Amino acid sequence: MLGALSTKVFGRRTIEIHDCIDSTNSRLKELALAGAEEGSLVAAETQTQGRGRLGRTWHSPPLYNLYFSLLLTELPPVESRPLVTLVAGLAAAEAVLMLTGRRPGLKWPNDLLLDGRKIAGLLAELDSSKAGREFVVLGVGLNVNLDYENLPPELKDQAGSLFMATGRRWDRIEVLAALLWHLENDLTALKEGRIDGLLRRYRTFCQTLGARVEIAQGADRIRGLAVEVDDCGRLVIECSDTGRLIQVNAGEVTLIKGRP
Ligand code: BTN
């Protein structure tokens, strides 16, 4: 592992690698509350309760993929914290581009797509429970060598992998090392306030921009044109019915075909 790594901190502190665990995010949170340092890492071959965004589960079969969580204790200023999610997605997109030469897309905020299929998801969980020590556990699930036949029926139309997009098998350690390098680079730039360049690069990957979308926020639905990702990382929607601009902080985006 260390041989492939070119980071300074990420993946070079406490490391745990499990054959099977409930969720790498849950385990890393325990380590963080016990004092683990910035850049600590928990990875697993398989997860029994992998968590996704918006309360979903993350399908985590063994052998093919990457499931890991990274601890961020040195956080950017409060006003740029919402950008951690987007910048982590940017880093994953840039790692995939560097490795494969294929340009992935990002569905706002950070679903990573290749050939229109979701190949990775990122879950950033902020913990402020311990006074004076806020931290973020950033969980990454990337489908590496998963093949179509390994997908459960409900994911067959939606999920992809590096293998499915490129036709070759990937060394998971090499992929992990590339992800950690881009995450360290881009999250350091965020901490140092180099936000304009990060957002400019994020927007070039973001396939949601210019699309007609529906955003689900609980029981509410917003329909309209995604016109901008603003400097706070919010998706700006021009509403179909009123023409008003609405800034969306969170929610599930669905692209709509035809006129909404
Ligand atoms: C999403 O819904 O798109 C985010 C998925 C995040 C999954 C990863 S897998 C490793 C880490 N541990 C978890 O329980 N979830 C994240």
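By convention here, the first residue in the shown sequence is residue 1. These numbers come from a predicted model, not from an experiment. Heavy-atom basis, side chains included; hydrogens, waters and symmetry copies ignored. Read the numbers this way: they start at 1 and go in the same order the structure lists the ligands and their atoms.
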Run the salt-bridge test on [X] and [Y] with the 4.0 Å N-O cut-off and return the result as yes or no.
X: R203; Y: D196; value: no
X: K107; Y: E252; value: yes
X: E74; Y: K191; value: yes

- Run the side chain to side chain donor-acceptor pair (under 3.5 Å) check on S240 and R212 step by step: do they pass? CA-CA 9 Å; S240 303; R212 297 205 169 267; 4.7 Å; no

- Message: What's the separation between atom CG in L162 and atom CG in L66, rounded to the nearest 0.5 Å?
- Response: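 It is 8.5 Å, given to the nearest 0.5 Å.
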
- Query: Can you name the residues that form a side-chain hydrogen bond (donor to acceptor under 3.5 Å, both in side chains) with T166, not counting sequence neighbours?
  - Reply: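 T166: side-chain hydrogen bond (donor to acceptor under 3.5 Å, both in side chains) contacts with W170.
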
Enumerate, one pair per line, all nitrogen or oxygen atoms of ligand 1 lying under 3.5 Å from a protein nitrogen or oxygen, stating the separation to 0.1 Å; write 'none' if no such pair exists.
| from | atom 1 | to | atom 2 | distance (Å) |
| --- | --- | --- | --- | --- |
| ligand 1 | 2 (O) | R53 | N | 2.6 |
| ligand 1 | 3 (O) | K118 | NZ | 2.7 |
| ligand 1 | 12 (N) | T24 | OG1 | 3.0 |
| ligand 1 | 12 (N) | Q47 | OE1 | 3.0 |
| ligand 1 | 14 (O) | S23 | OG | 2.7 |
| ligand 1 | 14 (O) | R51 | N | 2.7 |
| ligand 1 | 15 (N) | R51 | O | 2.7 |

